[in-house]
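Notes follow once the structure below has been shown.
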Amino acid sequence: MANEALLTIDYTNDFVADDGALTCGKPAQALDDHITELADSFLKAGKWVYLPTDVHQPNDPYHPESKLYPPHNVRGTWGRKLYGQLGNWYEEHKDDEHVILMDKTHYSSFCGTPLDLRLRERKIDTLHLTGVCTDICILHTAIAAYDLNYQIVVHEKAVATFDPAGQDWAMRHFKNVLNARIED
Ligand code: ZN
């Protein structure tokens, strides 16, 4: 039987809220119910819920994203807090050892983080991906997971981006190139 974990990636105010610094807007806001239900169902089933969450220093001159985007997900700010119902759910469950918010500083949840070690310690072989943006951080995380031999499940109704063409392209890439299973 597969040993599964849920990854809920970058579902923060800056990436989701109307006034977020780098928001996906309405398509991301529309995921809130489903993404929260998935987190709750994984936790209730005794599975692991990881929340790899972008974090930055403001205007870090050494970080490549400083040349690409305005400051976002700055540590300690409202923008870096988890959005909406998922944010409430996290506050209720953050002391549960199965709920783990993890700092990340690049697109992939594996880049510069202990995520792979933590998953291997727990014998997890299958990763369920949710969050934003489908064609940026979800995509880069999926590619890294594929290269590390994890089975990937992408929840189509729990991932979003600001770019409809990017959403379509990434969903095809997950399925056809990364051998992901697609679920709701
Ligand atoms: Zn970033």
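Numbering of ligands and ligand atoms starts at 1, following listing order. Since the model is a prediction, treat every value here as computed from it, not as a measurement.
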Can you list the residues that meet the salt bridge (charged side-chain N to carboxylate O under 4.0 Å, His left out) rule with Glu97, with sequence neighbours excluded?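 By the salt bridge (charged side-chain N to carboxylate O under 4.0 Å, His left out) rule, Glu97 matches no residue at all.
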- Provide the protein N, O or S atoms situated under 2.8 Å from the Zn ion (ligand 1); waters are not included.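 Atoms qualifying: Asp54 OD2, His56 NE2, Glu65 OE1, His72 NE2.
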Q) How are the rings of Tyr83 and Tyr11 set relative to one another: parallel (under 30°), tilted (30 to 60°) or perpendicular (over 60°)? A)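 Rings of Tyr83 and Tyr11: perpendicular, over 60°.
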**Request:** Using the test side chain to side chain contact (heavy atoms under 4.5 Å, CB included), find all partners of Asp18 that sit at least two apart in sequence or belong to another chain.
**Result:**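 Result, side chain to side chain contact (heavy atoms under 4.5 Å, CB included) vs Asp18: Lys26, Gln29.
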Would you say CD of Glu65 has more than 12 non-hydrogen atoms from neighbouring residues, nucleotides or ligands within 6.0 angstrom?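 Atom CD in Glu65 is packed in, count exceeds 12.
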- request: Could you pull out the closest heavy-atom pair between Thr130 and Leu38, with the gap in Å?
  value: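 Closest pair (atom of Thr130, atom of Leu38, distance): CG2-CD1, 3.8 Å.
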Partner set under ring-ring contact (aromatic ring centres under 6.0 Å, His included) for Tyr90, not counting sequence neighbours: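 Tyr90 satisfies ring-ring contact (aromatic ring centres under 6.0 Å, His included) with no other residue.
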